[in-house]
Protein chains: 2
Amino acid sequence: MKILCSKSELTAGLNIVSKAVPSKTTMSILECILIDCTDGNIKLIANDMDFGIETVIKGKILEKGVVAYDANILVNLIRSLPDNDVTIETDADYNTSITCEKINFNKILSRSGEEFSYLPKVDMNNPVVLSKLTLKDVVRQTIFSISDNEANKMMGGELFEINGDNLRVVSLDGHRISIRNISLKDEYDDHKVIIPGKTLNEISKILGGSDEDDVSIFFTDKHVIFEFDSTTVISRLIEGEYFKVDQMLNNNYETKISINKKEFLNCIDRATLLVKEGDKKPIIVSIEDEKLELKISSALGSMNEDIDIKKEGKSLMIGFNPKFLIDALKVIDDETIDMYMFNSKAPCFIKDADESYIYLVLPVNFNNVG
Amino acid sequence: MKILCSKSELTAGLNIVSKAVPSKTTMSILECILIDCTDGNIKLIANDMDFGIETVIKGKILEKGVVAYDANILVNLIRSLPDNDVTIETDADYNTSITCEKINFNKILSRSGEEFSYLPKVDMNNPVVLSKLTLKDVVRQTIFSISDNEANKMMGGELFEINGDNLRVVSLDGHRISIRNISLKDEYDDHKVIIPGKTLNEISKILGGSDEDDVSIFFTDKHVIFEFDSTTVISRLIEGEYFKVDQMLNNNYETKISINKKEFLNCIDRATLLVKEGDKKPIIVSIEDEKLELKISSALGSMNEDIDIKKEGKSLMIGFNPKFLIDALKVIDDETIDMYMFNSKAPCFIKDADESYIYLVLPVNFNNVG
């Protein structure tokens with residue numbers, strides 16, 4: 001095999017497929033990136049068996065072939081080269097030379113592509129289309145409340161549910177639920193799949209280029225495929241029936257407040273400075289007519305701070321795990337947020353008027369610190 | 001004690017003295033920052049016994065006193081506050097309140113300043129003066145070749161030697177020597193001291209403000225004191241007679257080359273990609289009439305690259321530990337550097353015409369990889 005590509009094209013392609021090279025594996029072939037130019041395109045492929053990426057890069061094929069290279073070495077060597085044309089040549093004994101200007105790497109390890117697991121071939125019909133930015137945003141705004149609880153694999157993924165022109169993305173971990181609703185440009189067939197969190201994290205990292213560009217998402221029984229630019233990402237789905245989220249939601253409340261998001265977030269951040277790592281100190285929120293008082297007390301000291309709010313309904317004292325509020329507040333773009341509460345034992349909802357987002361956070365017990 | 005300071009003034013002062021708070025210690029008083037406002041100034045002090053920092057910050061003293069605070073907690077709490085006036089108040093029972101706008105931290109741990117070790121009082125006469133930038137530069141350009149060899153404490157420090165209007169800074173680790181010569185603006189008494197590497201590293205981090213500002217350096221038998229802005233840093237010296245460096249230098253050479261520094265550095269960087277961590281593969285440099293060829297060969301593959309040079313004297317093949325060349329080349333600002341060699345066993349010198357810098361690197365044995 002012999003190919004000629006620009007360093008920048010190679011680097012961009014390798015950076016993308018590297019995301020599917022597992023950091024730890026006992027199968028050394030999985031640590032490889034395959035270069036396959038048997039069909040007239042230069043394809044880079046990596047596959048960790050749950051999750052695979054294929055991308056096509058520009059360049060000249062001087063001799064067809066298919067070869068597997070240690071991902072780490074290939075990425076580092078190519079990255080070290082000057083910004084110019086690079087030739088990669090592998091002979092019949094799998095000795096590889098990489099040359100660029102006056103630089104020659106020789107005898108670089110490579111191996112036959114025969115052992116390599118190609119990505120599964122699946123039928124790709126009727127994609128759901130959304131912009132890169134939308135996909136990145138919706139993952140960022142929900143991914144924090146998945147759980148790596150081994151006992152419940154479903155909590156390690158996110159529900160992607162399509163009904164007509166609405167995409168609903170849901171994640172939950174037993175203490176909280178994150179929901180985002182997105183209006184799509186078209187109507188689509190209904191789909192309801194659970195995509196592994198790892199897939200969504202890695203996809204977010206490689207969605208480069210213009211945020212306005214589209215991503216096409218294909219669904220099959222067992223797989224989801226993301227297609228954008230000249231890249232295809234395929235991932236297994238998590239099998240099973242997702243949690244019945246609608247039963248956990250309701251619109252009843254006894255207390256509703258409107259609060260400046262940034263002030264509230266900074267205040268909670270400050271309060272957590274008095275919590276030693278691993279300690280489970282709640283913050284206590286006292287809601288009165290025009291103000292919210294946040295209190296915390298620990299072995300390191302205590303803090304109280306007042307924030308102006310608008311309130312409807314009853315006064316209330318309620319405790320929270322500060323991390324759960326911080327995670328949700330960080331990904332809400334609104335300057336002012338609305339919080340709906342029923343009592344100190346019932347879930348608190350942070351949501352906007354048209355429910356484009358809903359964050360449910362369970363309260364925690366607390367001892368009144370006065 | 002009760003003081004009122006701006007958050008920014010407090011943060012700046014705490015960041016400076018924090019550098020003298022040891023990260024690990026069995027003496028909890030050393031983990032404290034002392035605020036001493038008994039004499040009309042607000043002084044922040046930290047001291048790890050080898051190395052101490054005192055800085056004066058602006059603010060109002062509402063009640064005189066001296067109190068020690070856990071450094072970590074104090075720094076984090078102050079940093080979390082909005083950019084406004086901050087009041088720190090400690091009562092007779094060492095209960096501390098920190099207030100800012102509507103934020104109240106209470107019952108923050110603090111303790112009597114009585115156990116705290118103040119910085120040693122030393123006579124400070126006839127300082128040597130240089131700019132912050134010069135001090136930072138000279139440390140950066142030499143600090144990499146100190147050694148943490150416990151058997152030879154002197155290698156853990158740098159020689160600062162003043163003769164008239166010349167400052168010479170030397171570090172060495174048994175494989176290489178780094179020397180910088182700096183012309184001072186004035187003539188000074190002769191001094192010859194060994195300053196611990198840790199002191200120089202920490203000083204470099206806190207030399208903020210304008211690079212043109214001066215630092216005054218005071219020398220005593222056992223200590224060195226750096227004074228700048230409203231900050232005083234005092235450090236023990238390493239005792240003993242430093243290595244006789246001049247005996248290790250000479251001007252004989254059989255081969256001299258001039259080479260583009262950046263090309264050479266990039267080339268060595270690339271070659272090290274074929275060296276596994278912990279492995280001691282040398283790079284082999286072949287010097288011919290108009291070119292230098294760099295070669296390396298390892299289990300991962302081999303590399304060779306040509307670089308154009310100007311040469312005087314004999315051709316030569318010589319091996320180096322690539323890290324030693326990289327460290328030196330990185331801190332030389334010249335676009336083209338001169339290297340002087342005698343043979344493949346003798347030290348290689350990288351130096352400029354007026355010897356403002358001299359980097360000596362010992363070569364290593366190699367098996368000819370052809």
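The basis for the numbers below is simple: all heavy atoms, side chains too, and nothing from hydrogens, waters or symmetry mates. Sequence lines set the chain letters: A, B, ... in the order given, protein chains first and strands last, and positions in each chain run from 1.
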side-chain contact (heavy atoms from CB on, under 4.5 Å) between B:Met303 and A:Asn106: does it pass, once the steps are laid out? CA-CA 6 Å; B:Met303 185 190 113; A:Asn106 293 302; over 6 Å; no
What part of A:Leu81 gets closer than 4.5 Å to chain B, counting heavy atoms only: side chain, backbone, both or neither? both
Check the surroundings of atom NZ in A:Lys7: do more than 12 heavy atoms from other residues, nucleotides or ligands lie under 6.0 Å from it? yes
How long is the gap from CG on B:Leu273 to CZ on A:Arg79, to the nearest 0.5 Å? 9.5 Å
Heavy-atom pairs under 4.5 Å with chain B: which of A:Glu101, A:Arg270, A:Lys107, A:Lys102 has the most? A:Arg270
Of the backbone (N, CA, C, O) and the side chain (C-beta and beyond), which part of A:Ala271 lies under 4.5 Å from a heavy atom of chain B, both, or neither? neither
Taking the side chain as every heavy atom from C-beta outward, state whether B:Phe105 and A:Asn304 have any pair of such atoms under 4.5 Å apart. no
Check step by step if side-chain contact (heavy atoms from CB on, under 4.5 Å) holds for B:Leu300 and A:Ile108. CA-CA 6 Å; B:Leu300 299 178; A:Ile108 303 301; 6.0 Å; no
If I measure from the heavy atoms of chain B, does A:Asp269 come under 4.5 Å with its side chain, its backbone, both, or neither? neither
Answer with side chain, backbone, both or neither: which region of B:Ile98 has an atom nearer than 4.5 Å to a non-hydrogen atom of chain A? neither
With a 4.5 angstrom heavy-atom cut-off, could you sort out which part of B:Ile73 is near chain A: side chain, backbone, both or neither? side chain
Could you grab the distance from atom CD1 of A:Ile103 to atom SG of B:Cys267, nearest 0.5 Å is fine? 7.0 Å
Using a cut-off of under 4.5 Å on heavy-atom pairs, state which of B:Leu274, B:Asn266, B:Leu294 scores highest against chain A. B:Leu274
Can you give the donor-acceptor pairs under 3.5 Å from side chains of residues 284-291 of chain A to other protein atoms, not counting sequence neighbours?
from	atom 1	to	atom 2	distance (Å)
A:Asp289	OD1	A:Lys311	NZ	2.9
A:Lys291	NZ	A:Asp306	OD2	3.4

Assert top hit (heavy-atom pairs under 4.5 Å, partner chain A, pool B:Ser302, B:Gly301, B:Ser80) equals B:Ser302
